[in-house]
Every structure is written in structure tokens, then in C-alpha cells.
Amino acid sequence: MTKAVVTFELPLKPEAVEGFLEMIPAILTETATKDGFISIAAHRKPDDPNTLLLLEEWESAQHYQTYLQWRMDTGLMDVLGPILGGEPKILIWDEPFLRF
């Protein structure tokens with residue numbers, strides 16, 4: 001099985017950013033307990049601080065899909081809906097073929 005790298009871009013409404021930043025440590029701590037999880041990092045876009053990027057590593061794309069379905073089932077995606085300032089983008093990549 002190939003490891004998966006996931007990019008999850010979240011454009012937030014300006015008035016929702018601070019509240020989400022307060023929530024995200026607990027969300028990511030919970031994410032780290034899920035089967036197949038390797039790592040996660042949260043970034044803010046320098047020229048648009050209302051846009052966050054989660055850079056995640058999972059043992060496989062299937063592990064991430066299982067996790068994402070769990071997130072949907074638990075209602076977190078419903079909570080995100082009203083605070084989004086645009087369409088979120090989730091991309092699943094193969095593990096790096098070259099790393100320096």
C-alpha cells in the first residue's frame with residue numbers, strides 16, 4: 001500500500017477564523033488517534049490569512065477516506081459548512097517520489 005499525502009484547503013469567513021483556530025487543536029488531537037494517521041500540520045496562507053491548509057500524511061488513501069467518512073458521520077463537516085467562505089478543496093496525493 002502506498003502512503004497518502006492529503007491537502008485540505010479551508011477558505012473561512014473572516015469572522016469565523018479566530019473561533020476555528022481555537023477549535024482546531026482539539027480537532028487535530030482527535031485526528032491523530034485515528035487508524036492510519038501519520039502526521040498533520042496546519043498552515044495559514046500568508047496573503048490570505050482566512051485560508052487554512054491542512055497537510056496530512058496517512059498510511060494509505062483508504063485510511064484517509066475512512067477517516068473522512070467518520071468526520072462526516074460525526075457532523076464536523078456540518079459545523080464547517082456555515083463558516084466556510086468558499087469551496088473547500090481536498091486532494092489526495094501519492095507519497096513523494098522524490099524528497100531532499
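Remember, predicted model here, so these are calculated numbers, not experimental data.
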What are the two closest non-hydrogen atoms of Ala61 and Ala4, and how far apart are they?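 Looks like N-CB, 3.5 Å.
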Minimum heavy-atom separation for Thr33 and Thr29, please, with both atom names.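 The pair with the smallest heavy-atom distance is CG2-O, 3.6 Å.
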Should we say atom NZ of Lys34 is surrounded by more than 12 heavy atoms from elsewhere, each under 6.0 Å from it? yes
Crowding at CD, Glu15 (>12 non-hydrogen neighbours, <6.0 Å):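 Result for CD/Glu15: enclosed.
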Phe20: partners by ring-ring contact (aromatic ring centres under 6.0 Å, His included), with sequence neighbours left out: none
Worked verdict on Thr51 versus Glu9 for side-chain contact (heavy atoms from CB on, under 4.5 Å): CA-CA 7 Å; Thr51 299; Glu9 187 174 318; 3.7 Å; yes
Kindly determine whether Ile90 and Leu68 satisfy side-chain contact (heavy atoms from CB on, under 4.5 Å), including the steps that lead there. CA-CA 10 Å; Ile90 300 175; Leu68 185 59; 4.1 Å; yes
Show me the donor-acceptor pairs within less than 3.5 Å that the side chains of residues 38-46 make with the rest of the protein, sequence neighbours left out.
unit_1: Ser39; atom_1: OG; unit_2: Glu57; atom_2: OE1; d: 3.0
unit_1: Arg44; atom_1: NE; unit_2: Pro49; atom_2: O; d: 3.0
unit_1: Arg44; atom_1: NH2; unit_2: Pro49; atom_2: O; d: 3.0

Rounded to the nearest 0.5 Å, what separates atom NZ in Lys3 from atom CD in Glu95? 6.0 Å
To the closest 0.5 Å, what do you measure between CG (Leu12) and CD (Glu18)? 10.5 Å
Could you state whether [X] and [Y] fall into the same hydrophobic cluster, counting links through intermediate Ile, Leu, Val, Met, Phe, Trp or Tyr residues with side-chain heavy atoms under 4.5 angstrom apart?
X     : Y     : answer
Leu91 : Leu53 : no
Tyr67 : Leu55 : no
Leu10 : Leu21 : yes

Determine whether Leu54 and Ile24 make a side-chain contact, defined as any pair of heavy atoms from C-beta on separated by less than 4.5 Å.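 They are in side-chain contact.
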Taking transitive links into account, so neighbours of neighbours count too, which hydrophobic residues share a cluster with Phe100 at under 4.5 Å side-chain distance?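 Members other than Phe100 - counting any ILVMFWY side chain reachable under 4.5 Å - are Phe97, Leu98.
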ring-ring contact (aromatic ring centres under 6.0 Å, His included): which pairs involve residues 23-42, sequence neighbours left out?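 Listed once each, the pairs are Phe37-Trp58.
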Among residues at least two apart in sequence or on other chains, which ones pass side chain to side chain contact (heavy atoms under 4.5 Å, CB included) with Pro96?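 Partners of Pro96 under the side chain to side chain contact (heavy atoms under 4.5 Å, CB included) test: Val5, Arg99.
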Show me, pair by pair, the donor-acceptor contacts under 3.5 angstrom made by side chains of residues 73-84, not counting sequence neighbours?
unit_1: Asp73; atom_1: OD1; unit_2: Gln69; atom_2: NE2; d: 2.8
unit_1: Thr74; atom_1: OG1; unit_2: Trp70; atom_2: O; d: 3.2
unit_1: Thr74; atom_1: OG1; unit_2: Arg71; atom_2: O; d: 3.0

Taking atom types as modelled, is there a side-chain donor on Ser60 or His63 under 3.5 Å from an acceptor on the other? yes
